[in-house]
Amino acid sequence: FNGSKGHIAHADAVASNDDRRIASSEQVPKKKKVVLLGTGWGGMSFLKSLNNPNYEVQVVSPRNFFVFTPLLPSVTCGKVEARSIVEPIRNIIRKKNVNISYSEAECVKIDPNNKKIYCRATIDSHSKGEEVFAVDYDYLIIAVGAQVNTFNTPGVMENCHFLKEIDDAQKIRKNVIDSFEKASLPNLSDEERKKILHFVVVGGGPTGVEFAAELHDFVNEDVVKLYPNVQDLVKITLLEATDHILNMFDKRITNFAEQKFGRDGIDVKLGSMVTGINENEISTKVRGNGEKTSTPYGMVLWSTGIGPRPLIKEFMKQIGQGNRRALATDEWLRVEGFGNIYALGDCATVNQRKVMEDISEIFRKADKDNSGTLTVKEFQEIIDDICERYPQVELYLKNKQVRNMVDLLKEAKGDAAKESMELNIEEFKSALSEVDSQMKNLPATAQVANQQGAYLAKCFNRMEECEKNPEGPPRFRGTGRHRFHPFRYRHLGQFAPLGGEQTAAQLPGDWVSIGHSEQWLWYSVYASKQVSWRTRALVVSDWIRRFIFGRDTSG
Ligand code: FAD
Ligand code: MG
Ligand code: MG
Ligand code: MG
Ligand code: MG
């Protein structure tokens, strides 16, 4: 310890020992208590960026480690070891100058009126259900993620694998290897072997596609050497309910992926809806002609999307958000209607404000002289505020290739536009009528959760400073200004590994490229995004090990 750091650490320890006694006897203000739910991407990112020692933070999560989810598909076939992509949460919090404690428990109920949550310890499965305890908060941060969505398809829960948690990936790995061992036993008919080695992936999103590619590589690179007698009986089927796989990517990537999978012998069935699964067969219906088929399978991975956790569903009902798919927050990530509850990541969605909803307020504020019309000068004075408060405006101008908003107004006014032009409210409305068209919901990705966690930590780091010295973007509804800038997502691009050391990359500006060098970009990006040097070293050495020795197939 150097002097000052040691001093802070000591002060923290004292404060946490007995806050109340100190608060009353020595007039040290009691630290505000922040309770954080979840140790995934959102929670980890918040903890890593928080450095304001004036908070006392309690983390509640049933998982005492962070999982680097983008590498989960690599774990399913042994390219990377499970331990290499997890980081104990206690490693993350012990490095902070902030007073952070952790409880291995899940939150089962949120009581916003009494600023309390109820939790159940998840450590010992025998005592499950008994160890319920309450935790008070001043600020609550909800980052519990989402759960798999079966769309109530019969048999899915009982018969399918999922790929969401580290246990899932390990189970899949064991099951894949078991399948090859089982199919290699004597006294089986070829029919039986084929059934065992029929791998079905439901859902053509990034996770399903990457798993199919991993499995295909595994068969091509390792199975041919280790199980040469059964390699020809392997079949991989990818079922997608819509018209294309990798819908969220550029058309060029979708086409390339579908063609590559075709060449690889992965059977991609588009427009194919799963209607049910029993122990032996998976039943599908073709969209359009309604044709039904049932096919024997050995293993199914279900990866069709996510839905809200029971805790979130219950909370939404409680606070009148009804039957939504995620908790609605404002652009400051505050749950709508609450100043002290925040939500981020997969369990939440940001309700961006529309310009057109506030258009009359904007006009009234801009029209300083109350003349009922806006001059260019009046308008120019609030342009920056508008762009700041409504990020979609900038996007709209860029897409329309309009230099600035004044040009937009001139356009709306037609030929008569001069510097001296004035707009009435109707003309103002029509000029801006399209600006909201560019708004999109943010995707449920690690990238979003990660940026939101860092943003929220920054807000907490500056909370007192901002309370004394309010600044930030304007509110067009009500009065005054917000203390902080709204959250803004910066899309850094997206990868889709397609197997055979080829990856598709879609970078900002819709820059698309596919090939082997993109795979190297993928390796370097995912190495650099690791949350610690420890996991970075483990992941990179796993990759090298696999290049030299192939995959580990014990299990
Ligand atoms: P999570 O990371 O899911 O964390 C939720 C946390 O809350 C967990 O710690 C959980 O244990 C805890 N929790 C659950 N219930 C409770 C409760 N009741 N009380 C307290 N705590 C609770 N995104 C990308 O951007 N790029 C990728 O390449 C990518 N690949 C992916 C691959 C796979 C296989 C998967 C499954 C996801 C992938 N994602 C990727 C998506 C990304 O992982 C999620 O968007 C991200 O994890 C969301 O972060 P989160 O913090 O909201 O939730
Ligand atoms: Mg989280
Ligand atoms: Mg996670
Ligand atoms: Mg979200
Ligand atoms: Mg005026």
Side-chain angles (χ1 to χ4, degrees), residues 35-47 58-76 80 85-87 89 92 102-110 117-122 135 140-149 161-169 172 201 203 205-211 214 248-249 301-306 308-315 326-327 333 343-349 442-454 456 489 491-497 503 505-506 522 525-526 529 531:
V35 171
L36 167 66
L37 306 181
T39 49
W41 274 100
M44 176 280 300
S45 164
F46 176 80
L47 291 173
Q58 178 157 9
V59 184
V60 175
S61 174
R63 209 176 71 189
N64 74 350
F65 52 85
F66 164 78
V67 181
F68 193 87
T69 51
L71 291 184
L72 272 176
S74 302
V75 173
T76 58
V80 167
I85 66 165
V86 306
E87 180 71 10
I89 205 68
I92 294 173
Y102 168 77
S103 307
E104 188 163 310
E106 65 178 341
C107 173
V108 289
K109 191 176 166 54
I110 299 167
I117 60 162
Y118 295 90
C119 305
R120 187 188 299 139
T122 49
V135 180
L140 178 64
I141 300 174
I142 308 173
V144 296
Q147 65 181 26
V148 293
N149 196 346
H161 283 269
F162 304 98
L163 183 49
K164 197 81 179 72
E165 297 292 336
I166 201 81
D167 294 350
D168 299 335
I172 291 172
V201 180
T207 300
V209 165
E210 193 176 344
F211 173 69
E214 278 292 329
M248 60 297 294
F249 282 88
L301 172 72
W302 185 269
S303 78
T304 57
I306 54 173
R309 291 188 188 278
L311 171 75
I312 299 299
K313 260 192 247 172
E314 184 57 41
F315 185 52
L327 259 174
L333 310 185
L344 61 154
D346 286 2
C347 69
T349 173
L442 297 178
T445 62
Q447 218 177 116
V448 170
N450 191 35
Q451 290 181 24
Q452 289 182 328
L456 201 57
Y489 174 57
H491 186 63
L492 302 173
Q494 213 174 351
F495 290 106
T503 283
Q506 183 170 345
W522 182 92
V525 167
Y526 282 132
K529 297 268 177 213
V531 293

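Since we're looking at a predicted model, the values are computed, not measured. Indexing begins at 1, ligand by ligand and atom by atom, following the structure's order.
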(request) Run down the list T445, V144, L311, T69 and name the one with the heavy atom closest to atom 32 (C) of ligand 1. (result) T69
(message) My understanding is that only one of V75, V531, T69 makes a side-chain contact (heavy atoms from CB on, under 4.5 Å) with I85; could you say which?
(response) V75
(message) Once rounded to the nearest 0.5 Å, what's the spacing between atom CD1 of I142 and atom CG of L344?
(response) 9.5 Å
(request) Would you mind listing which atoms of ligand 1 come within a distance below 4.0 Å of any non-hydrogen atom of G345? (result) 52 (O)
(message) Rounded at 0.5 Å granularity, tell me how far OG1 in T503 sits from CD in E210.
(response) 8.0 Å
(request) Please identify which atoms of ligand 1 are closer than 4.0 Å to at least one heavy atom of T207. (result) 32 (C), 33 (C), 34 (C)
(message) Can you tell me if F68 contacts ligand 1 (heavy atom of the residue under 4.0 Å from the ligand)?
(response) no
(message) Using a 4.0 Å cutoff against the non-hydrogen atoms of D346, which atoms of ligand 1 qualify?
(response) 44 (C), 45 (O), 46 (C), 48 (C), 52 (O)
(message) Can you name the atoms of ligand 1, numbered from 1 with element, that are less than 4.0 Å from a heavy atom of C107?
(response) 17 (C), 18 (N), 19 (N), 20 (C)
(request) Tell me yes or no: between the side chains of Q447 and Y489, is some donor less than 3.5 Å from an acceptor? (result) yes
(request) Compare R309, E106, Q494 and give the one whose heavy atom is closest to atom 15 (N) of ligand 1. (result) R309
(request) Please determine if A446 has a nitrogen or oxygen closer than 3.5 Å to a nitrogen or oxygen of ligand 1. (result) yes
(message) With a heavy-atom distance limit of 4.0 Å, tell me whether T39 approaches ligand 1 through its side chain, its backbone, both, or neither.
(response) both
(request) Would you check if there is a donor-acceptor pair between the side chains of E104 and S61 at a distance under 3.5 Å? (result) no
(request) Select the closest option to atom 36 (C) of ligand 1 among L163, L344, L492, V35, judged by heavy-atom distance. (result) L163
(message) Heavy atoms only, cut-off 4.0 Å: how does A444 contact ligand 1, side chain, backbone, both, or neither?
(response) backbone
(message) Geometry only, no angles: is C347 polar-contacting ligand 1 at N/O separations under 3.5 Å?
(response) no
(request) Indicate, as side chain, backbone, both or neither, the part of M44 found under 4.0 angstrom from ligand 1 when only non-hydrogen atoms are considered. (result) neither
(request) Pull out every atom of ligand 1 sitting under 4.0 Å from any heavy atom of G38, numbered as shown with elements. (result) 6 (C), 7 (O), 12 (C), 21 (N)
(request) Pick one of side chain, backbone, both or neither for how V60 approaches ligand 1, counting any non-hydrogen atom pair under 4.0 Å. (result) backbone
(request) Under 4.0 Å, heavy atoms only, figure out whether ligand 1 is touched by the backbone of Y526, its side chain, both or neither. (result) side chain
(message) I need the L37 CG to Q58 CD distance, nearest 0.5 Å.
(response) 10.0 Å
(message) If we ignore hydrogens and angles and just use 3.5 Å, is the side chain of W302 paired with the main-chain N or O of N149 as donor and acceptor?
(response) yes
(request) Supply the atom-to-atom distance L47 CG to L36 CG, rounded to the nearest 0.5 angstrom. (result) 5.0 Å
(request) Answer yes when E165 and R63 have at least one side-chain N-carboxylate O distance shorter than 4.0 Å, and no when they do not. (result) yes
(message) What's the separation between atom OH in Y118 and atom NZ in K109, rounded to the nearest 0.5 Å?
(response) 8.0 Å
